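Just so it is clear, the structure is predicted and the values come from calculations on it, not from any experiment.
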Amino acid sequence: MAVGSSRPMEDSWRIGQVEMVRWFGELFGLHQMDAYQLLTQTALAPIANAVDANYSVVVKARKALFPPADAYEGIHADLRRRSAELV
């Protein structure tokens with residue numbers, strides 16, 4: 001998921017969309033237009049905040065729809081492993 005915060009609300013949506021297109025491109029090795037098409041077919045974009053000075057829109061897609069990917073150099077897997085060692 002990515003969050004866009006700005007004014008007007010349309011800009012918040014655009015920011016979130018652009019960040020997800022970039023992320024899809026990096027994670028799956030997709031051309032920008034292919035990542036954009038994938039995003040438009042899989043993403044949800046709920047309004048997260050409409051009361052502060054900026055609007056926030058969350059752009060998200062279900063992980064279950066995609067092949068496994070190693071985001072952020074595996075930090076999520078590392079954090080999961082570390083937390084399992086604590087219990």
CA sep, side-chain torsions, deciding dist, call: Gln17, Arg14, side-chain contact (heavy atoms from CB on, under 4.5 Å)
CA-CA 5 Å; Gln17 295 285 319; Arg14 285 184 194 102; 5.6 Å; no

Tracing side-chain contacts under 4.5 Å among Ile, Leu, Val, Met, Phe, Trp and Tyr outward from Val3 reaches Met1, Val58

Output yes when a side-chain donor or acceptor of Ser12 lies under 3.5 Å from a complementary backbone atom of Ser6, and no otherwise.
yes

How many angstroms lie between atom [atom1] of [X] and atom [atom2] of [Y], to the nearest 0.5 angstrom?
| X | Y | atom1 | atom2 | value |
| --- | --- | --- | --- | --- |
| Asn54 | Met9 | CG | CE | 11.0 Å |
| Leu65 | Gln41 | CG | CD | 11.0 Å |
| Ile75 | Arg80 | CD1 | CZ | 10.5 Å |

List the residues meeting side chain to side chain donor-acceptor pair (under 3.5 Å) with Asn49, not counting sequence neighbours, and say none if there are none.
Asp52

Less than 4.0 Å between a side-chain N and a carboxylate O, is that true for Arg7 and Asp11?
no

Strictly below 4.0 Å, N to O, side chains only: are Glu85 and Arg82 in salt-bridge contact?
no

Joint hydrophobic cluster, Tyr36 plus Leu38, side-chain heavy atoms closer than 4.5 Å
yes

Is it true that Val18 and Leu39 fall in one hydrophobic cluster, defined by side-chain heavy atoms closer than 4.5 Å?
no

What is the minimum heavy-atom distance between [X] and [Y], and which atoms define it?
| X | Y | value |
| --- | --- | --- |
| Phe28 | Ala69 | CE2-CB, 3.8 Å |
| Ala35 | Gly25 | CB-N, 4.0 Å |
| Ala61 | Phe24 | CB-CZ, 4.0 Å |

Using side-chain contact (heavy atoms from CB on, under 4.5 Å), reason through Leu27 and Phe66 one step at a time and then give a plain yes or no.
CA-CA 10 Å; Leu27 284 176; Phe66 306 102; over 6 Å; no

Does the side-chain contact (heavy atoms from CB on, under 4.5 Å) test come out yes or no for Val21 and Gln32, once each step is laid out?
CA-CA 7 Å; Val21 166; Gln32 183 179 14; 3.9 Å; yes

In terms of the angle between their ring planes, are Trp23 and Tyr72 parallel, tilted or perpendicular, with boundaries placed at 30° and 60°?
tilted

Using a 6.0 Å cut-off, check whether atom CZ of Arg62 has over 12 heavy atoms from anything other than its own residue.
no

